[in-house]
Amino acid sequence: MSDLRVSIIIPTLNEAESLGALLNTLKAPNVELIVCDGGSADDTCNIASQYGKLINSKCGRATQMNAGAKQAKGQ
């Protein structure tokens, strides 16, 4: 089961204050972290890029989740 990969998609907008702690908690072997940002004006994108894949999209939870799902490689 070591090849099992799970993708976690996180839509964000100005979440710099708490994003690092969340991503640090979620990072694990065989976990693909995808942060889909909707146009943050804070440090969200810089933090996200340190933990996994960063995707920029139009703002809106469903739009961001769909953009992340298109990039996901997990099962």
Side-chain angles (χ1 to χ4, degrees):
M1 287 206 184
S2 62
D3 61 342
L4 176 67
R5 187 170 182 103
V6 175
S7 298
I8 299 175
I9 303 165
I10 304 166
T12 57
L13 182 62
N14 298 322
E15 300 293 339
E17 187 175 320
S18 59
L19 184 61
L22 172 66
L23 295 174
N24 193 50
T25 299
L26 295 174
K27 78 176 180 181
N30 298 320
V31 172
E32 175 186 35
L33 295 176
I34 300 173
V35 176
C36 195
D37 189 69
S40 292
D42 63 3
D43 209 27
T44 296
C45 292
N46 290 330
I47 294 167
S49 65
Q50 296 174 26
Y51 288 89
K53 183 180 278 189
L54 171 65
I55 299 170
N56 294 301
S57 79
K58 291 183 180 180
C59 190
R61 187 177 300 155
T63 300
Q64 290 169 253
M65 293 295 289
N66 287 334
K70 287 180 183 177
Q71 299 291 320
K73 305 288 187 231
Q75 297 179 350

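FYI, the numbering just counts along the sequence from 1. As a basis for the values below, the full set of heavy atoms in this structure was taken, side chains included, without hydrogen atoms, waters or symmetry mates.
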Which heavy atom of Gly74 sits nearest a heavy atom of Ser7, and at what distance? N-OG, 2.8 Å

Under the side-chain contact (heavy atoms from CB on, under 4.5 Å) rule, what do Asn56 and Cys45 come out as? Steps first, then yes or no, please. CA-CA 9 Å; Asn56 294 301; Cys45 292; 3.9 Å; yes

Exam field: side chain Thr25 to backbone Ala21, donor-acceptor pair closer than 3.5 Å: yes

Name all residues meeting the side chain to side chain contact (heavy atoms under 4.5 Å, CB included) criterion together with Asn46; count only those two or more places apart in sequence or in a different chain, and write none if there are none. Asp43

Which heavy atom of Leu13 sits nearest a heavy atom of Gly38, and at what distance? CD1-O, 3.7 Å

Between Lys73 and Glu32, what is the shortest heavy-atom contact and its length? N-OE1, 2.8 Å

Heavy-atom closest pair, residues Glu15 and Thr12: CG-CB, 4.0 Å

Is it true that atom CD of Glu17 has more than 12 heavy atoms of other residues, nucleotides or ligands lying nearer than 6.0 Å? no

Leu26: which residues meet the side chain to side chain contact (heavy atoms under 4.5 Å, CB included) condition with it, sequence neighbours left out? Ile8, Ile10, Leu22, Leu33

Heavy-atom closest pair, residues Gln64 and Lys58: CG-O, 3.5 Å

With clusters built from Ile, Leu, Val, Met, Phe, Trp and Tyr whose side-chain heavy atoms come within less than 4.5 Å, directly or transitively, what are the remaining members of the cluster of Ile9, listed by chain and number? Ile34, Ile55, Met65

Between Thr44 and Ala16 (side chain of the first, backbone of the second, donor and acceptor by atom type, cut-off under 3.5 Å), is there such a pair? yes

